[in-house]
Amino acid sequence: MNYEVHGELHPVGGGDPIPLIREELTIGRRESCDICLRYPNVSGIHAKLSFRNGYWYIRDMNSTNGVKVQGVRVQEKLLHPRDEITIAKRKYIIDYELPADRRALDEVVEEDIMSQSLLEKAGLERPKPPRSSRKSEDSFDAGDFLLSDE
């Protein structure tokens, strides 16, 4: 069977490169994952790699030990060639060719910059759920209000 390879993950410290042969790949400890990492600190489904418009993105799938890019914990991140990805203390370098039309990169980078708050980027805040799962503006919880002793 012939697959189009969209790049590779290279284990830091040695090991065989992992070809990125689909546009969506799951990474985790489960046998059903596309990239199976059999380590106890890797979650069953730890992360997802997505190839969109010629660029790779990584998304943490609510793993226990998280995903880092260039040493910074992320929920979702645009990956540049040669970025270092850490999945539960295991490090990989992603290697792929950028698309010929790099003008799209400015739009992609702008979208990526706006996708997280500074607190999320620093790992100090959990990402907000997508708008569709947020409560409506009309509903409220008692916890939404601060009560004072006045």
Exercise. Which heavy atom in D60 sits nearest to a heavy atom in H46, and how many Å separate them?
Worked result: OD1-O, 3.4 Å
Exercise. Is R29 positioned over the aromatic face of Y39, cation under 6.0 angstrom from the ring centre and no more than 45 degrees off axis?
Worked result: no
For this session: Would you kindly confirm whether I18 and F51 end up in one hydrophobic cluster when ILVMFWY residues are joined by side chain heavy atoms under 4.5 Å apart?
Result: yes
Problem set entry | Nearest atoms (heavy-atom pairs only) where R82 meets Q70 | O-OE1, 4.3 Å
Exercise. Should I35 and I85 be regarded as members of a common hydrophobic cluster, given that ILVMFWY residues are connected when their side-chain heavy atoms come within less than 4.5 Å of each other, either directly or indirectly?
Worked result: yes
Seminar exercise, completed: Sorted by chain and number, sequence neighbours left out, side-chain hydrogen bond (donor to acceptor under 3.5 Å, both in side chains) with T26 holds for D34
For this session: May I ask you to decide if the ring planes of W56 and H6 are parallel, tilted or perpendicular, using 30° and 60° as cut-offs?
Result: perpendicular
Exercise. Stepwise, does the side-chain contact (heavy atoms from CB on, under 4.5 Å) test hold for N62 with Q75?
Worked result: CA-CA 8 Å; N62 297 317; Q75 182 62 32; 4.2 Å; yes
Exercise. If you measure from CG on D83 to OH on Y92, what distance do you get to the nearest 0.5 Å?
Worked result: 16.0 Å
Exercise. Going hydrophobic residue to hydrophobic residue with side-chain gaps under 4.5 angstrom, can you get from L20 over to M61?
Worked result: no
Exercise. Which heavy atom of P17 sits nearest a heavy atom of P11, and at what distance?
Worked result: CA-CD, 4.2 Å
Exercise. Between E31 and R38, is there a salt bridge with N-O shorter than 4.0 Å?
Worked result: yes
Exercise. If you measure from CG on L25 to OG on S50, what distance do you get to the nearest 0.5 Å?
Worked result: 8.5 Å
Problem set entry | Hphob cluster co-occupancy, I45 + Y57, side-chain heavy atoms under 4.5 angstrom | no
Seminar exercise, completed: Interatomic distance, CD1@I94 vs NE2@H80, rounded to 0.5 Å, equals 11.0 Å
For this session: Identify whether the distance between the nearest side-chain nitrogen and carboxylate oxygen of K77 and E84 falls below 4.0 Å.
Result: no
Exercise. Quick one: OG on S43 to CG on L37, what's the gap to the nearest 0.5 Å?
Worked result: 11.0 Å
Exercise. How close do G54 and P99 get, heavy atom to heavy atom, and via which atoms?
Worked result: O-CD, 3.4 Å
Exercise. Would a 4.5 Å heavy-atom cut-off, applied to side chains only, mark L49 and L9 as touching?
Worked result: yes
For this session: Considering non-hydrogen atoms only, spot the tightest contact between N53 and Y55 and give its length.
Result: O-CD1, 3.1 Å
For this session: Determine yes or no for a side-chain-to-main-chain donor-acceptor pair under 3.5 angstrom, with S63 supplying the side chain and G66 the backbone.
Result: yes
Exercise. L79, V12: one ILVMFWY side-chain cluster at the under-4.5 Å cut-off?
Worked result: no
Problem set entry | With sequence neighbours excluded, residues passing salt bridge (Lys or Arg N to Asp or Glu O under 4.0 Å) with K48 | E24
Exercise. Taking only residues two or more places apart in sequence or in another chain, which ones pass salt bridge (Lys or Arg N to Asp or Glu O under 4.0 Å) with D95?
Worked result: none
For this session: List the atom of N65, the atom of R73, and the distance in Å for their closest heavy-atom pair.
Result: C-NH2, 4.0 Å
